[in-house]
Amino acid sequence: MRKKVILILGASSDLAIAFIHQEIGKYDYIIAHYHSNGSRLLDIQKEYTDKVKLVKADFASIQELQNFIDEIKSGIIPNYIIHFPAVECKLRKFEKIAISDFQDNLQVSVLSVILILQNLLPLMAKEQYGKIVFILSIHTITDGHEYISDYLTAKYSLLGLMKALTVEYREKGIHINGVSPDMTETKFISGLPRIAIEKKKNENISKELLSVSDIVPTIAYLLDEASDCLFGQNIGLVR
């Protein structure tokens with residue numbers, strides 16, 4: 001029976017932590033990447049000593065990224081991957097966003113996973129099986145939001161990558177799909193003005209933001225055998 005080994009990129013996020021707590025029993029081994037704020041992951045590792053490996057790396061650093069890839073390839077190769085990393089979203093007019101901010105978003109969210117997958121996808125293809133989930137944004141399905149062009153540029157780039165890799169790898173048994181949540185009540189939005197958050201709440205039918213518990217089941221579904229018929233799909237989640 002094939003062992004289930006999952007690589008979680010950006011595992012210290014609220015959404016990733018919620019996923020691990022709910023789904024850890026379904027996997028034989030978890031490789032959890034983080035850049036900072038790894039205290040909650042350390043607590044999980046203490047509880048599941050032989051099941052969870054933590055790997056720290058700053059994806060904005062090419063050297064740290066390469067070291068991370070080398071470490072992953074030297075161990076148990078994952079057949080499941082979730083990609084969470086994103087630069088904190090801030091509201092700014094397009095002309096006020098520095099080119100370096102676009103570069104940071106693309107490096108952390110897109111270029112890093114390109115290099116990771118260039119190394120891991122051929123190994124997964126040899127086994128003729130793998131599942132990858134990209135965490136995107138509802139704005140890749142609906143009209144984009146104003147003042148977050150650097151963030152949306154990275155998310156649309158990930159969407160394009162997902163579609164391109166699906167065409168290339170679906171016949172090799174690799175399922176690559178995306179989840180696109182609307183604004184979610186997590187620390188990720190802590191830098192946004194409260195008025196913008198309240199405005200978004202009022203626009204929703206439920207008058208509430210999504211919670212991590214609204215999103216985890218969809219991620220889990222895309223990694224489950226029940227979703228074996230899905231390739232290159234982008235699932236939107238709203239309240």
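Sequence positions, counted from 1, serve as the residue numbers for this chain.
Cluster membership check: Tyr80 does not share its hydrophobic cluster with Phe231, using side-chain heavy-atom separations under 4.5 Å among Ile, Leu, Val, Met, Phe, Trp and Tyr. Taking hydrophobic clusters as Ile, Leu, Val, Met, Phe, Trp and Tyr residues chained together by side-chain heavy-atom distances below 4.5 Å, Val108 does not share a cluster with Ile8. Follow the hydrophobic side-chain contacts under 4.5 Å out from Ile197 and you reach Leu152 in the same cluster. A single hydrophobic cluster is seen to contain both Leu136 and Ile132, as judged by linkage of ILVMFWY side chains at heavy-atom distances under 4.5 Å, directly or through other members. Taking hydrophobic clusters as Ile, Leu, Val, Met, Phe, Trp and Tyr residues chained together by side-chain heavy-atom distances below 4.5 Å, Val179 shares a cluster with Leu223.
Between the side chains of Lys131 and Ser227, at least one donor-acceptor pair of N or O atoms lies under 3.5 Å. Remark: the Asn202 side chain and the Lys207 side chain contain no N/O donor-acceptor pair separated by less than 3.5 Å. Side-chain contact annotation: Glu208 with Asn204, donor-acceptor N/O pair under 3.5 Å absent.
Interatomic distance, CG of Asp50 versus CG of Asp28, reported as 12.5 Å (0.5 Å rounding). Remark: Phe188 CZ to Cys89 SG distance equals 5.5 Å, nearest 0.5 Å. With rounding to the nearest 0.5 Å, the separation of CD1 in Ile77 from NZ in Lys3 is 14.0 Å. The CD1 atom of Ile6 sits 13.5 Å away from atom CD1 of Ile76, with the distance rounded to the nearest 0.5 Å. Here the CZ atom belonging to Phe19 is positioned 14.5 Å from the OG atom belonging to Ser213, to the nearest 0.5 angstrom. Between atom CG of residue Leu120 and atom CE of residue Met124 there is a gap of 7.5 Å, rounded to the nearest 0.5 Å.
Residues Thr140 and Ser180 come closest through the heavy atom pair OG1-OG, 3.1 Å. Listed here is the closest heavy atom pair of Leu65 and Ser112: CD2-CA, 3.7 Å. For Ile176 against Phe134, the heavy-atom pair with the smallest separation is CG2-CE1, 4.2 Å. Here the closest heavy-atom approach between residue Asp58 and residue Glu64 is recorded as N-OE1, 2.7 Å. Considering every non-hydrogen atom in both Asn177 and Gln233, the closest pair reads OD1-N, 2.7 Å. The two residues Lys155 and Ser137 have their closest heavy-atom pair at CG-CB, 4.0 Å.
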Apply side-chain contact (heavy atoms from CB on, under 4.5 Å) to the pair Asp150 and Phe102, showing each step before the final yes or no. CA-CA 5 Å; Asp150 52 340; Phe102 282 92; 3.9 Å; yes

CA sep, side-chain torsions, deciding dist, call: Ser211, Asp214, side chain to side chain donor-acceptor pair (under 3.5 Å): CA-CA 5 Å; Ser211 68; Asp214 294 320; 3.2 Å; yes

Ile17/Leu41 under side-chain contact (heavy atoms from CB on, under 4.5 Å): CA gap, chis, key distance, verdict: CA-CA 8 Å; Ile17 292 291; Leu41 289 171; 3.6 Å; yes

Please test Lys53 against Glu71 for salt bridge (Lys or Arg N to Asp or Glu O under 4.0 Å), starting from the C-alpha separation and ending with a verdict. CA-CA 11 Å; Lys53 177 180 180 178; Glu71 183 167 354; 3.4 Å; yes

Applying side-chain contact (heavy atoms from CB on, under 4.5 Å), run through Asn67 and Ile69 and close with a yes or a no. CA-CA 5 Å; Asn67 291 343; Ile69 292 169; over 6 Å; no

Check the pair Arg92, Asp101 against salt bridge (Lys or Arg N to Asp or Glu O under 4.0 Å), reporting the backbone distance first and the verdict last. CA-CA 11 Å; Arg92 292 167 296 176; Asp101 291 321; 2.9 Å; yes

The test is side-chain contact (heavy atoms from CB on, under 4.5 Å); show your working for Leu237 and Ile138 and say whether it passes. CA-CA 7 Å; Leu237 300 175; Ile138 193 62; over 6 Å; no

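In this structure, Ile31 and Val52 have side chains that are not in contact, with every pair of non-hydrogen atoms separated by 4.5 Å or more. The side-chain heavy atoms of Val133 and Tyr221, taken from C-beta on, include no pair separated by under 4.5 Å. For the pair Leu222 and Ile82, the minimum side-chain heavy-atom distance is 4.5 Å or more. Proximity of Arg239 to Ile205: side-chain heavy atoms (C-beta onward) are nowhere separated by under 4.5 Å. Leu210 places none of its side-chain heavy atoms less than 4.5 Å from the side chain of Glu185. Contact annotation: the side chain of Asn234 approaches that of Met162 to within less than 4.5 Å [non-hydrogen atoms, C-beta and beyond].
Side-chain atoms of Lys163 come within 3.5 Å of backbone N or O of Gly232 as a donor-acceptor pair. With Thr184 contributing its side chain and Asp182 its backbone, the two residues share a donor-acceptor pair below 3.5 Å. A donor-acceptor pair is defined here as one N or O able to donate and one able to accept, closer than 3.5 Å; such a pair exists between the side chain of Tyr156 and the backbone of His139. A side-chain donor-acceptor contact under 3.5 Å links Asp14 to the backbone of Lys187. Looking only at distances, a side-chain donor or acceptor of Lys51 sits under 3.5 Å from a matching main-chain atom of Ile24. Not a single donor-acceptor pair under 3.5 Å links the side chain of His35 to the backbone N or O of Ser12.
Cation-pi check for Lys4 over Tyr27 is met; the charged atom lies under 6.0 angstrom from the ring centroid and within 45 degrees of its normal.
Annotation for Gln128: atom CD counts as buried by contact number, over 12 foreign heavy atoms lying within 6.0 Å. Atom CD of Glu95 has more than 12 neighbouring heavy atoms from other residues, nucleotides or ligands inside a 6.0 Å radius. For Glu127, the CD atom counts as loosely surrounded, since its 6.0 Å shell holds 12 or fewer non-hydrogen atoms of other residues, nucleotides or ligands.
Of the listed residues (Lys200, Lys90, Met183), just one forms a side-chain contact (heavy atoms from CB on, under 4.5 Å) with Leu192, and that residue is Met183.
Applying the ring pair (Phe, Tyr, Trp, His ring centres under 6.0 Å) test to Phe68 and every residue at least two apart in sequence or in another chain returns His33, Phe59.
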